[in-house]
J.: 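What follows is a structure written as structure tokens; I'll ask about it next.
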Amino acid sequence: MDRFPPPLRERTAELHELRESVHRGPSERATQAQHAKGKLTARERIDLLFDKGTFTETEGLRRHRATGFGLEARRPHTDGVITGWGRVNGRTAFVYAHDFRIFGGALGEAHAQKIHKLMDLATAAGAPVIGLCDGAGARIQEGVTALAGYGGIFSRNVRNSGVIPQISVIMGPCAGGAAYSPALTDFVFMVRGTSQMFITGPDVVQAVTGEEITMDGLGGADPHSTSSGVAHAVFDDEEECLENVRFLLSLLPSNNRELAPSVAESDPVDRRTEALLDMVPADPRSSYDVRDVIEEIVDDGFLFEVHENWARNVVCTLVRMGGDVTGIIANQPMVQAGALDIQASEKAARFVRFCDSFNIPLVTLVDVPGFLPGVDQEHGGIIRHGAKLLYAYCDATVPRVQLIMRKAYGGAYIVMDSRSIGCDVSFAWPVNEIAVMGAEGAANVVFRREIAASDDPQATREQLVKEYRSELMHPYYAAERGLVDDVIDPSETRARLIDALRTLRRKHADRPSRKHGNQPQ
């Protein structure tokens with residue numbers, strides 16, 4: 001029997017050998033199976049996410065201590081999740097990545113504790129946390145301890161909400177209770193063909209309802225980006241997805257105590273936007289793509305659109321203006337004439353609240369005919385859903401600039417960050433129409449008796465519509481009453497917006513003392 005332990009060099013060599021084994025993963029066969037599904041391994045994903053050579057792993061040697069059902073004989077290192085931190089474009093970020101090769105990425109007690117610790121570190125450091133999700137849900141063999149592990153993740157998601165950015169990247173299955181963690185985060189990215197999210201799978205759906213559907217049809221990237229609104233963005237492969245995660249992080253502050261990072265101006269601030277004079281038709285009934293307007297006024301025409309394929313009647317996008325990150329909310333006349341409905345209200349409200357949480361100023365481009373009418377909208381709760389957007393704007397304390405491009409009718413005008421609910425600066429183009437409703441509809445109500453009693457109702461109606469528009473809907477009516485700060489030349493739009501945003505950059509707003517508001521549900 002040796003009296004002394006092995007030399008330090010020998011122990012260190014053993015450590016390096018163990019680490020190498022952990023990095024290789026369970027087996028080459030498991031790695032090949034992952035690749036055969038069109039998926040990268042957890043470590044390959046981490047290598048793409050972080051700047052080269054900056055990742056530091058935590059608890060890489062962790063193993064579970066569960067017994068029963070054969071678990072005591074299977075105790076792989078990492079316990080199926082890789083956690084740690086690194087740099088993204090030189091800035092610190094934290095990550096946890098499920099390793100599907102180990103227990104199918106299923107969550108057990110040790111697995112969950114690693115994520116808990118990682119999230120607590122991210123909170124303490126004031127840095128974003130990214131979840132690379134590719135797991136089979138709770139580890140059934142560990143029973144209620146696995147469920148409790150999810151509870152700890154959910155509570156931290158909520159505690160970190162509005163404190164540090166949280167991004168969920170779905171890169172495989174995310175089923176059952178596991179799906180609620182991404183739903184609590186700020187952004188959910190998905191990959192076509194390999195990502196699925198659902199509470200109950202196709203087999204359960206068929207057993208209960210009789211409906212037959214595939215996993216991708218039920219919870220794939222496209223259904224969640226077009227129908228449910230769960231996914232903020234979808235991509236064709238994992239490399240493109242992770243590159244966009246890196247870009248999104250470049251637009252966000254590390255935490256709610258910082259401003260989003262600025263960059264050197266790459267586009268002249270005073271660049272005239274003459275193209276807008278021909279891009280937007282003066283006729284309020286004619287459509288156009290509001291994204292063309294946004295591309296014209298922002299730096300280098302680039303935008304990072306959120307929920308591009310869901311609730312397309314409103315556009316929500318992160319951009320840079322004068323090198324500073326800005327959130328833009330815009331009505332989209334190409335879809336439902338830009339009217340607000342249930343989904344558009346929810347989409348815009350969520351975006352406003354996110355920007356306000358992380359000190360990102362807001363620009364609202366208004367061209368809205370009102371709220372979408374219909375029995376399904378009323379019965380679906382357009383009142384309470386529309387109130388979410390109203391609440392979000394009223395509650396926001398970041399710089400807020402409104403631009404009324406053409407029509408702004410009824411309650412939708414108020415909701416789209418009007419002066420009456422607290423926007424800091426309001427501009428309008430010289431074709432703006434701000435009113436309770438369009439001139440034709442207003443004339444039918446106000447002058448109903450005169451039109452009915454006329455010998456020529458059509459001619460009388462046309463004359464009264466013309467008079468109503470001249471009296472109450474001319475381009476300077478709101479400006480004369482202080483509800484618009486200035487009517488501007490569209491070719492000066494970019495310069496005027498950036499000037500207003502820079503003036504308000506250090507805006508401070510005191511709020512009444514309260515635990516929290518009770519926002520509409």
J.: Is a donor from one side chain sitting under 3.5 angstrom from an acceptor on the other, for Arg87 and Thr92?
T.: yes
J.: Identify the heavy atoms of Leu40 and Gln34 that sit nearest to each other, and give their distance.
T.: O-NE2, 3.0 Å
J.: Does Asp299 use its side chain to pair, donor to acceptor, with the backbone of Gly323 at less than 3.5 Å?
T.: yes
J.: Does the Thr209 side chain pair with the main chain of Gln206, one donor and one acceptor, at a distance under 3.5 Å?
T.: no
J.: Would you check if Leu501 and Thr326 make a side-chain contact, meaning some heavy-atom pair closer than 4.5 Å?
T.: yes
J.: Are the charged groups of Asp51 and Arg91 less than 4.0 angstrom apart, N to O?
T.: no
J.: Any donor-acceptor pair under 3.5 Å linking the side-chain atoms of Gln166 with those of Asn157?
T.: yes
J.: Quick one, Lys37 and Thr194 - any side-chain contact, counting heavy atoms below 4.5 Å?
T.: no
J.: Main chain of Ile170, side chain of Ser195: is a donor-acceptor contact present, judged purely on distance under 3.5 Å?
T.: yes
J.: Does the pair Val205 and Leu218 meet the rule for a side chain to side chain contact (heavy atoms under 4.5 Å, CB included), with working shown?
T.: CA-CA 9 Å; Val205 169; Leu218 179 64; 4.2 Å; yes
J.: For the rings on Phe354 and Phe187, is their centre-to-centre separation under 6.0 Å?
T.: yes
J.: Does a side-chain heavy-atom distance below 4.5 Å link Pro173 with Asp134?
T.: yes
J.: Donor-acceptor pair, distance only, cut-off 3.5 Å: does the side chain of Asp356 make one with the backbone of Thr397?
T.: yes
J.: Can you tell me if CZ on Arg19 sees more than 12 non-hydrogen neighbours from other groups inside 6.0 Å?
T.: no
J.: Would you say that more than 12 heavy atoms from the other residues, nucleotides or ligands in this model lie under 6.0 Å from the CZ of Arg257, or not?
T.: no
J.: Classify the side-chain pair Thr31/Thr41 by whether it contains a donor and acceptor separated by less than 3.5 Å.
T.: no
J.: Give, for atom CD1 of Ile342 and atom CD of Gln377, the distance between the pair rounded to the nearest 0.5 Å.
T.: 4.5 Å
J.: Hey, are Asp267 and Arg271 close enough for a salt bridge, meaning a charged N less than 4.0 Å from a carboxylate O?
T.: yes
J.: For Met321 and Ile297, work out which heavy atoms get closest and say how close.
T.: CE-O, 3.6 Å
J.: With no hydrogens and no angle check, is any side-chain donor or acceptor of His116 less than 3.5 Å from a backbone partner on Gly149?
T.: yes
J.: Report yes or no: do Ser266 and Asp300 form a side-chain donor-acceptor pair below 3.5 Å?
T.: yes
J.: Take atom CD in Glu10; do more than 12 heavy atoms of anything else shown fall under 6.0 Å from it?
T.: yes
J.: Taking only Lys NZ, Arg NE, NH1 and NH2, and the carboxylate oxygens of Asp or Glu, determine whether Asp236 and Arg192 approach each other closer than 4.0 Å.
T.: yes
J.: Could you tell me whether Glu265 and Arg502 have a side-chain N and a carboxylate O separated by less than 4.0 Å?
T.: yes
J.: Ignoring hydrogens and angles, state whether a donor on the side chain of Gln113 or Arg62 is under 3.5 Å from an acceptor on the partner side chain.
T.: yes
J.: So do the side chains of Val191 and Val169 get within less than 4.5 Å of each other, counting heavy atoms only?
T.: no
J.: Count the heavy atoms of every other residue, nucleotide or ligand shown that sit under 6.0 Å from CZ of Phe247, and state whether that count exceeds 12.
T.: yes
J.: Are any of the side-chain nitrogens in Lys347 or Asp341 under 4.0 Å away from the carboxylate oxygens of its partner?
T.: no
J.: Look only at the side chain of Asn256 and the backbone of Gly162, and say whether a donor-acceptor pair between them is shorter than 3.5 Å.
T.: yes
J.: Just checking, any donor-acceptor pair under 3.5 angstrom between side chains of Thr123 and Asn160?
T.: yes
J.: Do the side chains of His77 and Leu18 get nearer than 4.5 Å, heavy atoms only?
T.: yes
J.: We want to know whether Glu142 and His111 form a side-chain donor-acceptor pair, criterion being a heavy-atom distance below 3.5 angstrom.
T.: no
J.: Hey, are Asp120 and Arg156 close enough for a salt bridge, meaning a charged N less than 4.0 Å from a carboxylate O?
T.: yes
J.: In plain terms, say whether Arg505 and Asp324 are close enough for a salt bridge, that is, a side-chain N and a carboxylate O under 4.0 Å apart.
T.: yes
J.: Mind checking the NE2-OG spacing from His385 to Ser345? Nearest 0.5 Å is all I need.
T.: 8.5 Å
J.: Determine, stepwise, if the pair Val415 / Phe371 fulfils side chain to side chain contact (heavy atoms under 4.5 Å, CB included).
T.: CA-CA 10 Å; Val415 168; Phe371 283 94; 3.9 Å; yes
J.: For the rings on Phe94 and Phe50, is their centre-to-centre separation under 6.0 Å?
T.: no
J.: For a 4.5 angstrom cut-off between non-hydrogen side-chain atoms, does Phe302 reach Val319?
T.: no
J.: Assess whether atom CG of Asn518 is packed by more than 12 heavy atoms of other residues, nucleotides or ligands within 6.0 Å.
T.: no
J.: Would you confirm whether Ser21, through its side chain, and Glu17, through its main-chain N or O, come within 3.5 Å as a donor-acceptor pair?
T.: no
J.: A quick test of your reading: do over 12 heavy atoms of other residues, nucleotides or ligands sit less than 6.0 Å from CG of Leu259?
T.: yes
J.: Got a donor-acceptor contact below 3.5 angstrom from the Arg139 side chain to the Ala106 backbone?
T.: yes
J.: Can you see which heavy atom on Ala221 is nearest to which on Asp216, and at what distance?
T.: N-OD1, 4.5 Å
J.: Please find the pair of heavy atoms, one from Pro182 and one from Ser168, that lie closest to each other, and give the distance.
T.: CA-OG, 3.3 Å
J.: Between Arg400 and Asp395, is there a side-chain N and carboxylate O pair less than 4.0 Å apart?
T.: no
J.: Please determine if Glu238 and Lys39 form a salt bridge, counting it only when a charged side-chain N lies under 4.0 Å from a carboxylate O.
T.: no
J.: Quick one: do Asp99 and Arg43 make a salt bridge, cutoff under 4.0 Å?
T.: no
J.: Any chance you could lay out the side chain to side chain contact (heavy atoms under 4.5 Å, CB included) test for Leu340 and Leu372, step after step, and finish with the verdict?
T.: CA-CA 6 Å; Leu340 291 174; Leu372 186 69; over 6 Å; no
J.: Does any N or O in the side chain of Ser225 come within less than 3.5 Å of the main-chain N or O of Asp222, such that one atom is a donor and the other an acceptor?
T.: yes
J.: Between His232 and Val188, is there a donor-acceptor pair closer than 3.5 Å when you use the side chain of the first and the backbone of the second?
T.: yes
J.: Which atoms form the tightest heavy-atom contact between Glu239 and Leu48, and what is the distance?
T.: CG-CD1, 3.9 Å
J.: Applying side-chain hydrogen bond (donor to acceptor under 3.5 Å, both in side chains), name anything that partners Tyr96, two or more places apart in sequence or on another chain.
T.: none
J.: Show, in sequence, the C-alpha distance, side-chain angles and deciding distance for Leu362 and Val401, and conclude whether the side chain to side chain contact (heavy atoms under 4.5 Å, CB included) test is met.
T.: CA-CA 6 Å; Leu362 294 165; Val401 180; over 6 Å; no
J.: Can a salt bridge be assigned to the pair Lys52 and Asp47 using a cut-off of 4.0 Å between side-chain N and carboxylate O?
T.: no
J.: Does Arg514 CZ have over 12 foreign heavy atoms under 6.0 Å away?
T.: yes
J.: More than 12 foreign heavy atoms under 6.0 Å from CZ of Arg511: is that the case here?
T.: yes
J.: Can you tell me which residue among Val398, Val325, Leu318, Ile328 is in a side-chain contact (heavy atoms from CB on, under 4.5 Å) with Cys355?
T.: Leu318
J.: A side-chain contact here means heavy atoms from C-beta on lying under 4.5 Å apart; do Val81 and Ile115 qualify?
T.: yes
J.: For the residue pair Ala349 and Ala392, what are the closest heavy atoms and their distance?
T.: O-CB, 3.7 Å
J.: Do Val95 and Thr83 touch side chain to side chain, with heavy atoms closer than 4.5 Å?
T.: no
